[in-house]
Amino acid sequence: MTDVKTYQQFIGGEWVDAVSGETLAVENPANYQVVARVPSSGEEDVNRAVDAAAKAFETWSLTTPQDRSLALLKIADIFEANSDELGRIEASQTGKPVDFAIGEMAVAVDLFRFFAGACRVMDGLAVNEFLPGHTAMVRRDPIGVVASIAPWNYPLYMAAWKLGPALATGNTVVLKPSARTPLSALRFAELIGDQLPAGVLNVLSGSGGTMGDLLVGHPKVRMVSITGDTVTGKHIASVAAGTVKRLHLELGGKAPVIVLDDADVALAAETIKGAGYFNSGQDCTAACRVIAGPAVYEKLVAALAEQVGSINWGDPTTRDDLEMGSLIAKAQADKVEGMVNRALEGKAELVVGGKRPDMVGAYFQPTLITNPDQGSEIVQDEVFGPVVTVQRAVDEEQAIAWANDVKFGLASSVFTGSIAKAMRVARRLQFGTVWVNEHVILASENPHGGVKESGWGKDGSKYALEDYTYVKNITINTGI
Ligand code: NAD
């Protein structure tokens with residue numbers, strides 16, 4: 001076995017191995033090299049972490065917003081100062097180009113700063129006498145121990161979406177990063193751990209299959225926040241139902257990009273290149289499903305073919321000038337290949353890419369496909385790879401109908417030269433986000449989250465603070 005670092009888990013302010021002593025290998029999908037080992041958390045680890053978080057809740061929940069805000073600001077400063085190292089760790093476990101991974105750190109740092117400020121200005125209903133002789137008020141109180149379950153596509157960024165609002169509002173957390181990508185969260189905890197009282201943040205590194213149900217089903221866990229696949233989200237919701245936990249579900253997406261006939265084609269094509277192939281298309285909001293007006297279709301496909309053909313991709317462990325690296329794992333590349341092959345067996349046509357390159361690592365060529373059926377798998381299901389489809393709609397009405405005709409409802413966009421048309425389309429799109437002449441960008445102030453099988457709850461924005469608190473009514477018999 002290669003001599004690599006073995007990490008420990010962070011439980012109750014201490015660094016510990018799994019009680020079983022077992023470890024899991026973490027691989028760089030860009031070259032299939034093992035880069036580290038982590039503890040394979042089991043039942044006893046879960047119990048210890050939840051107990052530590054429950055104990056810490058007794059005091060952390062009573063701290064002032066100012067105390068929590070100051071802690072988050074310090075965490076943000078340390079995070080920022082170590083962005084380069086954390087970004088490199090992120091790249092080593094995801095196959096991303098290093099610059100892109102380091103860039104993600106800045107977004108995650110800002111989330112801590114945003115929630116540090118936001119928790120100090122939470123507002124609510126004014127205190128009032130709604131019944132004679134009674135004064136009523138509303139509090140927003142922390143929920144308790146939150147199990148935060150993060151995916152592999154933006155490991156630390158997604159963890160920041162969860163940690164920021166949970167900690168800012170006085171909850172304590174057991175964070176479970178994806179077993180494919182636990183290293184950045186563990187290193188982050190090493191760096192910032194002593195900024196929080198013991199047990200406020202705990203990080204377990206086991207796999208969802210081994211310890212996920214134990215964590216989600218634990219009676220002392222009062223909220224589960226998961227970003228992941230819709231199938232995983234449904235399973236977690238069913239396990240959490242046993243103890244009626246608060247759920248925050250950020251699940252799959254299949255974002256449509258409606259390009260109307262009056263759109264700026266060059267802008268649309270350039271934006272789709274960025275938003276469809278960024279992170280190898282492994283993005284829940286990826287611009288993966290283009291629906292073009294009849295007059296603009298041919299011109300758009302030509303412009304997209306040029307853009308997609310120009311993507312600079314390859315092995316990020318040997319080159320630092322890339323726009324796209326590998327996928328997350330061989331299994332993901334297999335999945336993408338299968339979906340593309342099945343699409344091309346149907347009536348879809350290949351314009352660019354479509355193949356696994358002859359390289360060691362989880363690679364797939366940036367791919368552009370036209371003319372798939374609306375009901376086909378490639379249009380209906382998440383590919384989560386560097387694959388964009390283009391459909392030709394007869395008119396705006398059909399474009400909207402096709403855009404909405406999937407089980408997901410996370411994000412969407414419309415390209416048009418008319419603000420009136422943009423608003424007309426945006427109003428009818430059943431998605432948590434609609435970008436106009438844009439796709440994928442997000443500030444910490446923007447609420448991100450979906451409808452339908454994309455889940456419920458918001459990341460980022462003040463709405464996340466609401467999700468991580470519960471409304472308590474206090475009514476006092478004042479007699480006056
Ligand atoms: P996944 O569902 O396979 O895993 C997500 C997390 O759930 C991982 O930490 C995994 O270990 C854990 N998990 C798996 N089974 C579990 C169980 N029984 N109990 C508890 N935890 C369990 O997702 P992924 O493959 O890591 O990420 C890709 C998916 O995430 C895509 O579907 C993508 O659309 C989605 N995603 C959504 C958003 C969003 O904001 N809606 C953002 C990023 C990714």
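Reckoned from all heavy atoms, side chains included, excluding hydrogens, waters and symmetry mates. Residues: numbered from 1 along the sequence shown.
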How about Asp405 and Gln374: does a side-chain donor come under 3.5 Å of a side-chain acceptor? yes
Any chance you could lay out the side chain to side chain donor-acceptor pair (under 3.5 Å) test for Asn312 and Glu323, step after step, and finish with the verdict? CA-CA 5 Å; Asn312 185 14; Glu323 295 170 281; 5.2 Å; no
Paired with Ser40, the side-chain contact (heavy atoms from CB on, under 4.5 Å) test is passed by just one of Met211, Glu22, Gln9, namely Glu22
More than 12 heavy atoms of other groups within 6.0 Å of Gln195 CD: yes
Would you say that Leu167 contacts Leu72 through its side chain, given a criterion of any heavy-atom pair below 4.5 Å between the two side chains? yes
I would like to know whether Leu251 and Asp229 meet side-chain contact (heavy atoms from CB on, under 4.5 Å); could you show each step before the answer? CA-CA 5 Å; Leu251 308 178; Asp229 193 271; over 6 Å; no
Rounded distance (nearest 0.5 Å) linking atom CD1 of Ile236 with atom CD1 of Ile226: 3.5 Å
Please confirm whether the backbone N or O of Ala106 pairs with a side-chain atom of Glu80, one donor and one acceptor, at under 3.5 Å? no
Carefully, step by step, assess Lys355 and Glu337 under the rule salt bridge (Lys or Arg N to Asp or Glu O under 4.0 Å). CA-CA 7 Å; Lys355 296 258 173 316; Glu337 183 178 36; over 6 Å; no
Any luck finding a side-chain donor-acceptor pair between Thr181 and Gln93 under 3.5 Å? no
Specify the closest pair of heavy atoms between Val265 and Ala303, including all atoms of both residues, with the distance to one decimal. CG1-CB, 4.0 Å
Looking at CG of Leu163 and CG of Leu156, how far apart are the two atoms once the value is rounded to the nearest 0.5 Å? 8.0 Å
Inspect the contact between Glu298 and Arg392 and indicate whether a charged nitrogen and a carboxylate oxygen are less than 4.0 angstrom apart. yes
Assess whether side chain to side chain donor-acceptor pair (under 3.5 Å) is satisfied between Ser41 and Lys176, documenting all intermediate values. CA-CA 10 Å; Ser41 330; Lys176 197 208 85 55; over 6 Å; no
Show, in sequence, the C-alpha distance, side-chain angles and deciding distance for Met339 and Val387, and conclude whether the side-chain contact (heavy atoms from CB on, under 4.5 Å) test is met. CA-CA 10 Å; Met339 289 185 80; Val387 179; over 6 Å; no
Are the side chain of Gln365 and the backbone of Arg356 linked by a donor-acceptor contact shorter than 3.5 Å? no
Measure the OG-CD distance between Ser205 and Gln8 for me, rounded to the nearest 0.5 Å. 10.0 Å
Could you check whether any side-chain N or O of Asn171 sits under 3.5 Å from a backbone N or O of Ala166, counting only pairs where one atom can act as donor and the other as acceptor? yes
For the backbone of Ala18 and the side chain of Asp45, can you confirm whether one donor and one acceptor N or O come within less than 3.5 Å of each other? no
Ignoring hydrogens and geometry, is there a side-chain-to-backbone donor-acceptor pair from Glu453 to Lys407 under 3.5 Å? no
Please check: side-chain N/O of Asn279 versus main-chain N/O of Gly281, any donor-acceptor pairing under 3.5 Å? no
Say whether, by atom type as modelled, one donor and one acceptor occur between the side chain of Thr367 and the main chain of Gly354 under 3.5 angstrom. yes
Less than 4.5 Å apart, side chain to side chain, heavy atoms only: is that true for Ser418 and Arg424? no
4.5 Å side-chain heavy-atom contact, Thr389 and Val383: no
Any side-chain heavy atom of Val109 sitting closer than 4.5 Å to one from Ser83? yes
Closest non-hydrogen atoms of Pro386 and Tyr277, given as atom of the first, atom of the second and distance, are O-CE2, 3.3 Å
Can you see which heavy atom on Pro316 is nearest to which on Gly95, and at what distance? CG-O, 3.3 Å
Kindly determine whether Leu442 and Val107 satisfy side-chain contact (heavy atoms from CB on, under 4.5 Å), including the steps that lead there. CA-CA 9 Å; Leu442 213 52; Val107 184; over 6 Å; no
With a sphere of 6.0 Å drawn around CE of Met423, does it hold more than 12 non-hydrogen atoms of other residues, nucleotides or ligands? no
Given the rule in the side chain to side chain donor-acceptor pair (under 3.5 Å) test, do Thr416 and Asp262 qualify, once you have shown the distances and angles that lead to the verdict? CA-CA 5 Å; Thr416 171; Asp262 65 346; 2.9 Å; yes
May I ask you to test the Glu438-Thr271 pair for a side-chain heavy-atom distance under 4.5 Å? yes
Under 6.0 Å between the ring centres of Trp435 and Phe415? no
Is any NZ, NE, NH1 or NH2 atom of the basic residue among Glu190 and Arg187 found under 4.0 Å from an Asp or Glu carboxylate oxygen of the other? yes
Do the side chain of Asn28 and the main chain of Ser92 share a donor and acceptor less than 3.5 angstrom apart? yes
Exactly one of Tyr468, Trp456, Tyr463 clears ring-ring contact (aromatic ring centres under 6.0 Å, His included) with His248, and that residue is Tyr468
Do Lys299 and Tyr297 form a cation-pi contact, if we require the NZ or CZ to be under 6.0 Å from the six-membered ring centre and within 45 degrees of the ring's axis? no
Kindly indicate, with the supporting measurements, whether the criterion side-chain contact (heavy atoms from CB on, under 4.5 Å) is fulfilled by Ile328 and Phe384. CA-CA 10 Å; Ile328 190 65; Phe384 236 56; over 6 Å; no
Lys347 and Asp373: CA distance, side-chain angles, deciding distance, salt bridge (Lys or Arg N to Asp or Glu O under 4.0 Å) verdict: CA-CA 7 Å; Lys347 81 184 219 309; Asp373 270 332; 2.9 Å; yes
CG (Asp194) and CG (Leu191) are apart, to the nearest 0.5 Å, by 9.5 Å
Is the distance between the ring centroids of Phe188 and Phe112 less than 6.0 Å? yes
Working note: Gln33 + Glu27, criterion side chain to side chain donor-acceptor pair (under 3.5 Å); need CA distance, chi angles, decisive distance, verdict. CA-CA 5 Å; Gln33 299 288 312; Glu27 189 176 89; over 6 Å; no
Centre-to-centre under 6.0 Å for Phe100 and Phe278, is that the case here? yes
Please give me the minimum heavy-atom distance between Ala286 and Ala255, naming the atom from each residue. O-CB, 3.3 Å
To the nearest 0.5 Å, atom CD of Glu85 lies from atom CD1 of Ile102 at 10.5 Å
Does the side chain of Ser412 reach to within under 4.5 Å of the side chain of Pro256, using non-hydrogen atoms? yes
Side-chain contact test, heavy atoms from C-beta onward, threshold under 4.5 Å: evaluate it for Leu429 versus Ile258 and give yes or no. yes
With rounding to the nearest 0.5 Å, note down the distance linking OG in Ser413 to NE2 in His439. 4.5 Å
If we ignore angles and hydrogens, is there a donor and acceptor under 3.5 Å between the side chains of Thr23 and Arg37? yes
Could you check whether any side-chain N or O of Asn82 sits under 3.5 Å from a backbone N or O of Phe79, counting only pairs where one atom can act as donor and the other as acceptor? no
If we ignore hydrogens and angles and just use 3.5 Å, is the side chain of Lys462 paired with the main-chain N or O of Glu445 as donor and acceptor? no
Nearest heavy-atom neighbours spanning Ala287 and Ile272: O-CG2, 4.0 Å
Does Glu382 pair with Lys254 as a salt bridge, N-O distance under 4.0 Å? no
State whether Asp315 and Arg319 are salt-bridged, where the test is any N-O pair (Lys NZ or Arg NE/NH1/NH2 against Asp/Glu carboxylate O) under 4.0 Å. no
